[in-house]
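Quick note on labels: first sequence line is chain A, next is B, and so on, each numbered from 1.
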There are 2 protein chains.
Amino acid sequence: MARPVEFDEDKVLTYAMEQFWREGYEASSVQKLLDCTGINRGTLYNSFGDKDTFFKSCIDQYNKVVDTQIAATLENSKLGPWEAIEAYLDETVLNVTNKRRSMGCLLVNSVCESINYDKEMRKVVRGSLSTMRKGLLARLNEAHKNRKVKKGVSAEFAAEVLMNSLHGIRVNSRDGKTPKQLKELIKFNVASLKK
Amino acid sequence: MARPVEFDEDKVLTYAMEQFWREGYEASSVQKLLDCTGINRGTLYNSFGDKDTFFKSCIDQYNKVVDTQIAATLENSKLGPWEAIEAYLDETVLNVTNKRRSMGCLLVNSVCESINYDKEMRKVVRGSLSTMRKGLLARLNEAHKNRKVKKGVSAEFAAEVLMNSLHGIRVNSRDGKTPKQLKELIKFNVASLKK
DNA sequence: AAACTTTTGGAGCGCGCATTGTAGTACAGC
DNA sequence: GCTGTACTACAATGCGCGCTCCAAAAGTTT
């Protein structure tokens with residue numbers, strides 16, 4: 001009936017996501033987004049809406065990556081709870097450092113930009129972070145039942161400790177720390193929770 | 001000889017610092033800076049230079065606050081090493097949450113904005129973070145000598161663990177966590193290092 | 001009072017921003 | 001071939017940006 005869509009939506013979202021990830025929301029002009037995605041101005045506005053909407057779609061794209069990682073690690077039934085958790089943490093370290101430049105985490109970066117004072121954005125970003133927390137918590141509950149969590153530490157609190165540690169490495173990676181250094185930090189924090 | 005300066009430089013820098021702190025560099029327009037400081041456009045450019053220079057001065061202002069906190073806690077000779085470290089961490093929790101809105105840490109926020117790709121800014125921000133690390137390290141060396149650090153953990157590594165934990169709570173505070181929750185996280189992390 | 005310096009308030013610069021609109025063109029089904 | 005949709009490219013809009021400049025007012029010194 002009509003001419004088919006030419007651009008690859010997934011690729012466009014991925015390239016734009018990386019732009020926002022690298023430079024943040026405010027510093028990512030529409031022109032930069034056009035340059036990095038290769039699409040036309042009209043196409044952007046017709047197919048993705050305005051900059052705010054586009055940004056939210058990019059956050060969703062980021063969440064897809066996160067969800068994939070969680071599925072492969074935390075929700076991997078072949079792994080025991082701590083194994084799964086450690087796999088996820090290692091995956092996260094790779095994720096925050098694997099680009100040419102260390103870019104940290106799009107969600108954390110966004111929380112630290114003024115973006116989080118916009119009510120809707122805040123909601124989206126917080127929602128995504130809570131997905132990670134829930135994934136960790138599920139495994140920590142399992143570990144807790146098996147008495148594999150240090151005495152006196154609840155699964156909920158352990159999840160908070162890990163989230164805090166993860167936030168830390170997300171910042172640290174942006175500050176130039178190597179994957180090796182980050183992994184050692186994570187390892188130490190895990191050891192302090194594990195029985 | 002001439003008309004004296006009317007504005008209070010310290011107050012201007014403090015108000016501007018809080019603006020950058022709240023909304024980040026990119027989202028803080030010169031107009032917003034004029035509004036929150038109360039000074040005139042001409043005054044800003046005559047007395048503080050352009051936006052970049054002004055921002056750096058605000059970072060310096062922030063560092064003054066940090067230095068004061070470090071002097072009162074980490075460098076307080078009346079306190080033992082761990083006492084001093086805990087006092088500093090508590091002070092930091094207050095610092096990241098004491099404003100009406102939790103604003104986290106100006107330095108960490110800046111690292112997470114695109115700002116850190118500007119070479120000079122990056123240097124300034126990293127320099128400040130390294131001041132904190134050095135303060136912690138001095139006390140941890142002391143604790144290490146007194147065999148008050150957990151076996152197998154070097155003072156350097158302990159400093160990294162604490163810095164990472166601090167980065168975490170700086171992000172967490174921006175995400176709405178209460179001082180109480182943050183203190184518990186810190187407490188747990190300290191306990192894992194202390195002997 | 002005169003000389004001098006700084007503040008003030010505002011006008012104005014050029015530029016880039018996000019966004020809209022308008023052509024012309026390419027590709028599908030009828 | 002016709003119709004309908006999606007593409008490209010670019011002009012144009014209006015706005016806010018960082019920044020400069022100027023004339024008038026204000027305070028301090030001589």
* Ignoring hydrogens and geometry, is there a side-chain-to-backbone donor-acceptor pair from A/T14 to A/D10 under 3.5 Å? ->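 Such a contact is found between A/T14 side chain and A/D10 backbone.
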Quickly work out the [X] [atom1] to [N] [atom2] distance and round it to whole Å.
X     : N      : atom1 : atom2 : result
B/L34 : D/dC17 : CG    : P     : 10 Å
B/Q31 : D/dC15 : CD    : P     : 16 Å
B/I39 : D/dC19 : CD1   : P     : 13 Å
A/L33 : C/dG16 : CG    : P     : 17 Å
A/K32 : C/dG16 : NZ    : C1'   : 12 Å
B/E26 : D/dG16 : CD    : P     : 18 Å

Side chains of [Y] and [X]: any donor to acceptor distance under 3.5 Å?
X      : Y      : result
A/D50  : A/T53  : yes
A/N95  : A/E91  : no
B/D52  : B/Y25  : yes
B/N164 : B/E160 : no

* Below 4.0 Å: OP1/OP2 of D/dG16 and any side-chain N or O of B/S29 ->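 Answer is no, no contact under 4.0 Å.
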* B/F54 and B/F20 aromatic ring geometry - parallel, tilted or perpendicular at 30°/60° bounds ->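 B/F20 vs B/F54 ring planes: perpendicular.
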* Listed in order of residue number, which residues of residues 40-54 of chain B have a non-hydrogen atom at under 4.0 Å from DNA chain D? ->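 B/R41, B/Y45, B/D50, B/K51 - these, ordered by number, are the residues of the stretch whose heavy atoms sit under 4.0 Å from the strand.
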